[in-house]
Amino acid sequence: MTTPDIPPLQPAALVARRATAADHDVMHRLWQLFRHDLSAVTGALPGSDGRYRTERLDRALAGETGWQARLLESGPHPVGLAVARALDEPVAVISSFFVVAGARRTGAGRRLVGSVVATRPGRWSVAHQQRNAAAAAFWPAVAAGLDPGWTSERRPVPGRPDLPPDTWVTFTVTG
């Protein structure tokens, strides 16, 4: 059986939106890809059922106060996800962020970040590991584009003394 060719991603066709109940399965599939990618940096392993933990995604999809999940699509193709938390606090956090490999370096990540931070003006933070080279290049560049006064600081990873400190990038988005 052959797979039909899928046309290349067209940045103009990218749509980022809040995930709905109908997106639950797609978001969980993207989450597994995200956690698999991240495991190269964190060393995290899937559970005995072969799946990675989903607590953060589940809280966002359940609509818990201060949480939100966003889905990035290129036409009918899901190409990314973001989970934001602390939306009801002084500094909101982009807790999880993922774009599939085929959509990277196309502007998809910036489109998704823009969608997330447009949900509320104010201070935002996002953490990454410096050894994640793509994230270490991406987040400072995005932050600088949003806020020339962005900052960066290293903080220990809670509950993971085996990991180097996270790098936290903080920036302000005006309304």
Side-chain angles (χ1 to χ4, degrees), residues 16 18-19 27-72 79-101 103-105 108-120 122-173:
R18 188 173 188 152
M27 294 294 284
H28 273 267
R29 287 184 190 105
L30 286 171
W31 184 266
Q32 292 302 307
L33 295 171
F34 159 63
R35 295 298 301 180
H36 171 76
D37 266 12
L38 197 57
S39 72
V41 176
T42 66
L45 298 173
S48 60
D49 64 356
R51 292 181 288 193
Y52 291 93
R53 296 171 52 180
T54 61
E55 293 90 359
R56 291 180 184 174
L57 176 63
D58 292 338
R59 292 181 76 177
L61 290 174
E64 283 192 31
T65 301
W67 289 78
Q68 186 180 124
R70 299 196 71 79
L71 173 62
L72 179 66
V79 297
L81 68 77
V83 172
R85 64 176 173 81
L87 295 170
D88 53 346
E89 296 181 22
V91 181
V93 176
I94 298 173
S95 176
S96 306
F97 188 88
F98 174 73
V99 174
V100 298
R104 294 175 188 161
R105 299 180 188 261
R110 287 178 185 268
R111 177 79 53 97
L112 184 53
V113 171
S115 169
V116 171
V117 301
T119 63
R120 93 186 248 304
R123 302 284 289 161
W124 283 88
S125 284
V126 61
H128 66 274
Q129 284 281 302
Q130 279 302 121
R131 63 184 177 178
N132 181 343
F138 179 77
W139 287 112
V142 168
L146 293 168
D147 174 11
W150 70 279
T151 62
S152 176
E153 70 174 307
R154 309 249 325 185
R155 298 182 204 160
V157 179
R160 291 294 309 264
D162 57 310
L163 290 177
D166 278 333
T167 299
W168 282 84
V169 172
T170 302
F171 53 92
T172 300
V173 175

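Count residues from 1 along the sequence. Side chains are part of it too, since the values below use all heavy atoms of this structure and drop only hydrogens, waters and symmetry mates. Owing to the predicted nature of the structure, the values given are computational and were not obtained by experimental measurement.
- In this structure the side chain of F98 reaches within 4.5 angstrom of the side chain of D37, judged on heavy atoms.
- To the nearest 0.5 angstrom, Q32 atom CD is 9.0 Å from L57 atom CG.
- Taking all atoms of both residues into account, the shortest heavy-atom contact from L72 to A108 is CD2-O, 3.4 Å.
- The environment of CZ in R51 is sparse: at most 12 heavy-atom neighbours from other residues, nucleotides or ligands sit within 6.0 Å.
- The list of side-chain hydrogen bond (donor to acceptor under 3.5 Å, both in side chains) pairs with a residue in residues 132-147, not counting sequence neighbours, is empty.
- Contact record, W124 with A84: CZ3-CB, 4.1 Å, taken as the closest heavy-atom pair.
- Taking CZ of R70 as the start and OG of S115 as the end, the distance is 3.0 Å to the nearest 0.5 Å.
- Minimum heavy-atom separation, S39 to A44: CB-O, 3.2 Å.
- Of the possible polar contacts, none joining the R35 side chain to the R53 backbone as a donor-acceptor pair under 3.5 Å is found.
- Side-chain contact between H28 and D58 is present, with heavy atoms from C-beta onward closer than 4.5 Å.
- Shown here is R105, whose CZ atom has no more than 12 heavy atoms of other residues, nucleotides or ligands within 6.0 Å.
- Nearest heavy atoms, A69 versus L61: CB-CD2, 3.9 Å.
- Around atom CZ of R56, no more than 12 heavy atoms belonging to other residues, nucleotides or ligands sit under 6.0 Å away.
- Side-chain contact check for L38 versus Q129: every heavy-atom pair is 4.5 Å or farther apart.
- Within the 4.5 Å cutoff, side-chain heavy atoms of V113 are placed close to those of L146.
- Taking NE2 from H128 and OG1 from T167, the interatomic distance works out to 4.5 Å, rounded to the nearest 0.5 Å.
- Between G66 and D88 the shortest heavy-atom distance is CA-OD1, 3.6 Å.
- Residues V116 and Q68 fail the side-chain proximity criterion, which asks for heavy atoms closer than 4.5 Å.
- L112 and L81 get closest at one heavy-atom pair: CD2-O, 3.4 Å.
- Contact check for L163 versus R131: side-chain heavy atoms found under the 4.5 Å cut-off.
- Side-chain contact between Q130 and R154 is present, with at least one heavy-atom pair separated by less than 4.5 Å.
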Inset, instruction - Check the pair V83 / W31 against side-chain contact (heavy atoms from CB on, under 4.5 Å), numbers first and verdict last. - result: CA-CA 10 Å; V83 172; W31 184 266; 3.9 Å; yes

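- Judged by distance alone, with hydrogens and angles left aside, the side-chain atoms of R59 form no donor-acceptor pair with the main-chain N or O of W67 at under 3.5 Å.
- The shortest side-chain heavy-atom distance between W168 and V93 falls under the 4.5 Å cut-off.
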